[in-house]
Amino acid sequence: MSAPVKISLPDGSVREMPAGSTPADVAAAIGPGLAKAALAARVDYGAGSELVDLSRPFAGDAQLALVTSRDEADALELARHDFAHVLAEAVQALFPGTQITFGPSTDDGFYYDFDPDARPFTEEDLPEIEAEMRRIIAADKPIRREVVGRDELIAKWRSVGEAFKAEWAGELPEDEELTVYWSGEDWYDMCRGPHLPSTGKLDPAAFKLTRVSGAYWRGDQKNAMLSRIYGTGWLNKKQLDTHLHRLEEAAKRDHRKLGQEMDLFHLQSEAHGSVFWHPKGYLIWRALEAYMRRAIDTAGYKEVKTPQVMDARQWEQSGHWGKYRENMFVIPDEVPNTEDDGPVISGEAEWMALKPMNCPAHVLIFRQGIKSYRDLPLRLYENGCCHRNEPHGALHGLMRVRQFTQDDAHIFCREDQIVEEARAFCALADRIYNDFGFTYAVKLALRPDQRFGADADWDKAEAELREAVVRAGMATDDYGWEELPGEGAFYAPKLEWHLTDAIGRTWQVGTLQSDRVLPERLDASYIAEDGDKHRPVMLHRAIFGSYERFIGILIEHFAGKLPVWLAPVQAVVATIVSDADDYARDVVRQLEAAGIRVEADLRNEKINYKVREHSLKKVPHMLVLGKREAEEGTVALRSMGAEHQKVMPLAEAIAMLRAEATPPDLRLP
RNA sequence: GCCGCUUUAGCUCAGUCGGUAGAGCACAUCAUUCGUAAUGAUGGGGUCACAGGUUCGAAUCCUGUAAGCGGCACCA
């Protein structure tokens, strides 16, 4: 008989329990309420706490914290994982012959990947599956952990036709104990656990199956396409409803929807993946472009413009032809056949390609003439229009397009200038993101498995970028500082700027890559103080990333209610009666003279109608003019988000709008 | 590219069992001159994504193509 175990509880008390006791026993010993509420246990044998099943016997003296629904993070994780298992059980009950694979929890719920017997699942199957899940939850089936032998388990999976499970079981590490979790006595899944004590601990009203999709087995395109069912899962109905409400709110700020409602841009199949910018959308673009030009001018960049189409040999030399050709638009360098019959192109011409990036062209500019060390750093900026033939399934509104314009620059510098240039860029990016009201995280993406260049160069490049962030004072938790192994580009490590938007989503936009490969491949050099040729280092950098995507992010971040300096229409002058028309025209003229983007609405409509319409279009300010205003030379200013209008003299309104319409970088401190 | 779904008026959508299309908004005209989120009436507007097929007859059923949507994979 083993010795009893000493279990310390969070309140400091210690309980002595017989050998073989479990967290469930401790909970029961403390009280029936806790026994009922307990979902799992955090047990610490001195090497850090671990989440385990309530029914898992203690291995020795331990610290114990019982997990209940009040321990939200742990409880959600357990619930979501169990929802996934219940989903799998339900699907196998309803669709015999379906193979099970994986089913993890996600940020808001869970999914499970199946290999269906007959056809992939569709959204029409979801209500039936949900109903079956609720039956399994209502049955309150006990969940039991069982340790099984590897060979026995593999044989078992094989015998019931579960090829994916058998494959996976065979590949788990040799020293790992394999476990299955039983749901009642009639269904089990291989799983590391932990799980809730029974299916009845789940709230049947706290989940919803949301969608189906395809997913590759083990995430690899070469493998079988499985059928994935997604769900969102919570601890109670209130949490679920809150989440569903959040999703609705997020859908309302979808830039594709707002782009249409606000008449900013459109996409159509004849040019899928390329944007038709409407006048109002392009005003946003132009405001950004003007802002960025001021920023780079003062930061010592030189703006350039480079060819859209270049000979394929140039792309071979840069290395892109070999690695990224499948995503490039190639063009035969010949006159197309103009006869009615016969192929348009001969197939024998040399290839050219639309530029997928600006870097090689900037190197070609650098290579013109002889560069001295005195010329460095040379910062070449381009609003670079690039084309990439993206996989069609990847296209998404403004966020992923086939033609886009980068705020792209390449800083050619000496080795000893890298850290300072990178530091200065961190400061520039910080200023710009602040101007747009974004918070952000800085991350360093380290060398990938497949890469160009010597390891020693990678060591150096990574250390330099790290040092630059330290000197910028941003290698701290406040700036979300983090290193990401394996995430770098094939030619360089990169710093990444991840913005957080108004509803907490993150968007990677900014980047800085320290590149020694491309200058070498394209033979860029400068004459140093010693009179010899040296290779410059090339820092690739962008702050918006692309104008298209950044505008998409801005639309979603502000839910269409752009700050006045970016709003395509900054004010509408709307009349209540036609007697005010002449005054309104005068007001519009004065606003225009003050540089305000203003529209007049003199239509014979009720003021309610006008207010509604311009509010829906997210115009920041309305100047409402009736008889009174016309007589007094005032305006009634109705501003988006304000509860009441403010009546003020016209001059005052103009001064106010003018101040608000001033871009943040031009405001007086 | 892969899996599933979708495609009807400028927009949002309805259209039953296969019998040549309908609403609201928008637009035009007329009336209304009104004080902060929809004034009323009248009118015009559609090769039902495209190409084939089945059928006496196709928006509807079948096949293919394209684009869009949700994911997966990809994202220099």
Side-chain angles (χ1 to χ4, degrees), chain A residues 111 113 116 119-125 210-230 254 256-257 260-261 263 266-273 315 318-328 355-360 386 388-397 399-402 404 406 448 450 452 488-492 494 508 511 513 515 517-518 540 545 549 574-581 602-617 622-629 636-640 642-645 647:
Chain A
Y111 66 79
D113 286 347
R119 55 165 179 90
F121 299 111
T122 72
E123 269 164 41
E124 285 168 19
D125 298 323
T210 49
R211 51 185 179 254
V212 296
S213 88
Y216 298 106
W217 166 236
R218 301 173 82 169
D220 190 330
Q221 216 174 155
K222 291 194 277 290
N223 291 340
M225 175 63 69
L226 304 171
S227 184
R228 175 174 297 180
I229 298 177
Y230 281 95
D254 189 309
R256 294 165 301 184
K257 182 173 170 287
Q260 187 186 64
E261 286 172 6
D263 192 20
H266 85 272
L267 296 155
Q268 67 179 63
S269 58
E270 285 75 4
H272 68 279
W315 301 109
S318 68
H320 295 97
W321 191 254
K323 207 168 153 71
Y324 293 106
R325 189 170 66 232
E326 61 176 336
N327 291 324
M328 290 169 69
K355 68 172 169 183
M357 54 183 0
N358 309 298
C359 342
C386 296
R388 293 181 190 174
N389 198 349
E390 302 283 3
H392 289 195
L395 300 176
H396 181 92
M399 300 304 187
R400 189 84 178 270
V401 287
R402 303 208 297 177
F404 54 93
Q406 297 175 315
Q450 290 204 336
F452 284 167
F490 73 93
Y491 52 83
K494 52 179 177 177
Q508 199 228 303
T511 184
Q513 303 159 15
D515 179 10
V517 173
L518 208 56
H540 308 243
R549 185 157 172 272
T575 49
I576 298 169
V577 292
S578 52
D579 285 349
D581 285 2
L602 310 184
R603 292 175 303 172
N604 177 10
E605 293 289 351
K606 291 191 169 173
I607 192 61
N608 293 27
Y609 181 84
K610 296 186 184 183
V611 165
R612 175 181 157 81
E613 191 163 287
H614 300 299
S615 299
L616 289 174
K617 299 264 184 205
M622 281 188 74
L623 288 78
V624 178
L625 309 181
K627 223 171 171 170
R628 222 158 44 221
E629 287 77 13
L637 186 69
R638 186 188 206 277
S639 302
M640 175 104 62
E643 259 184 59
H644 299 290
Q645 60 166 348
V647 179

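Only this structure's heavy atoms are used, side chains among them; waters, hydrogens and symmetry mates stay out. A note on names: the letters A, B, ... follow the listed sequences, proteins ahead of strands, and every chain is numbered from 1. Treat the numbers as computed from the prediction; the structure is a model and nothing was measured.
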Protein N or O to nucleotides 3-8 of chain B N or O, pairs below 3.5 Å:
unit_1	atom_1	unit_2	atom_2	d
B:C3	O2	A:Gly214	N	3.1

message: From the set B:G35, B:A67, B:A38, return the single nucleotide nearest to any side-chain atom of A:Arg612.
response: B:A38
- request: Could you pull out the closest heavy-atom pair between A:Gln268 and A:His266, with the gap in Å?
  value: OE1-NE2, 2.8 Å
Tabulated below should be each protein N or O lying under 3.5 Å from an N or O of nucleotides 74-76 of chain B; please produce it.
unit_1	atom_1	unit_2	atom_2	d
B:C74	O2	A:Arg400	NH2	2.7
B:C74	N3	A:Arg400	NH1	3.0
B:C75	O2	A:Arg400	NE	3.4
B:C75	O2	A:Arg400	NH1	3.1
B:A76	O4'	A:Tyr324	OH	3.1
B:A76	O3'	A:Tyr491	OH	3.0
B:A76	O2'	A:Tyr491	OH	3.2
B:A76	N7	A:Arg388	NH1	3.4

message: Nearest whole Å is fine: how far is B:G35 C1' from A:His644 NE2?
response: 15 Å
query: Roughly, in whole Å, what's the span from CG in A:Leu395 to C1' in B:A73?
result: 14 Å
- request: Determine the contact category for A:Ile607: base if any of its heavy atoms lies under 4.0 Å from a base atom, sugar-phosphate if only primed atoms, P, OP1 or OP2 are that close, otherwise nothing.
  value: sugar-phosphate
message: Side chain of A:Gln260 only, heavy atoms from C-beta on: which candidate in B:G35, B:U12, B:G71 is closest?
response: B:U12
- line: For A:Glu261 and A:Lys617 the tightest heavy-atom approach is O-NZ, 3.2 Å
- request: Can you check whether any acceptor in the base of B:G71 is under 3.5 Å from a donor in the side chain of A:Tyr216, or vice versa?
  value: no
message: Base, sugar-phosphate or nothing for A:Arg218? Non-hydrogen atoms, less than 4.0 Å.
response: nothing
query: What integer distance in Å separates A:Asp579:CG from B:G35:C1'?
result: 14 Å
statement: Per nearest nucleotide of RNA chain B, the residue lying toward the 5' end, A:Val647 or A:Asp220, is A:Val647
task: Please measure how far the P atom in B:A26 lies from the corresponding atom in B:U7, and state the result in whole Å.
output: 25 Å
message: Measure CZ/A:Arg628 against C1'/B:G35 and give the value in whole Å, please.
response: 7 Å
query: Under 6.0 Å between the ring centres of A:Phe452 and A:Tyr491?
result: no
Shortest non-hydrogen contact from A:Val577 toward A:Lys627: CG2-N, 4.1 Å
query: Does any N or O in the side chain of A:Lys610 come within less than 3.5 Å of the main-chain N or O of A:Arg603, such that one atom is a donor and the other an acceptor?
result: yes
Mind listing the N/O atom pairs, protein and nucleotides 25-29 of chain B, below 3.5 Å?
unit_1	atom_1	unit_2	atom_2	d
B:A26	OP1	A:Tyr609	OH	3.0

field: A:Glu643 CD to B:A37 P, straight-line distance once rounded to whole Å
entry: 12 Å
Shortest non-hydrogen separation from A:Ala492 to A:Gln513 and the atoms involved: CB-CB, 4.1 Å
query: Measuring from A:Met357:CE to A:Arg388:CZ, what's the distance to the nearest 0.5 Å?
result: 5.5 Å
message: Nearest to the A:Asn608 side chain among B:G35, B:U36, B:C2, which nucleotide is it?
response: B:U36
Which pairs of donor and acceptor atoms, one on a side chain in residues 219-227 of chain A, lie under 3.5 Å apart (sequence neighbours left out)?
unit_1	atom_1	unit_2	atom_2	d
A:Asp220	OD1	A:Lys222	N	2.9
A:Asn223	ND2	A:Trp217	O	2.8
A:Ser227	OG	A:Phe121	N	3.2

- line: From OH of A:Tyr230 across to C1' of B:C72 the rounded distance in Å is 7 Å
Any N/O pairs under 3.5 Å between the protein and nucleotides 48-52 of chain B? List them or say none.
none

query: Between atom CG in A:Asp254 and atom P in B:G68, what is the gap in whole Å?
result: 14 Å
- prompt: A:Arg228 has an atom CZ; how far is it from atom P of B:G71, in whole Å?
  reply: 11 Å
Gap in Å between the two P atoms, one belonging to B:U55 and one to B:C62, rounded: 16 Å
field: Nearest-Å distance once atom P is located in both B:A14 and B:U6
entry: 12 Å
message: For RNA chain B, please output the secondary structure as dot-bracket, reading 5' to 3'. Pairs are Watson-Crick or G-U wobble, both atom distances under 3.5 Å; mark crossing pairs with [ ], other-strand partners with |, unpaired with a dot.
response: (((((((..((((.....[..)))).(((((.......))))).....(((((..]....))))))))))))....
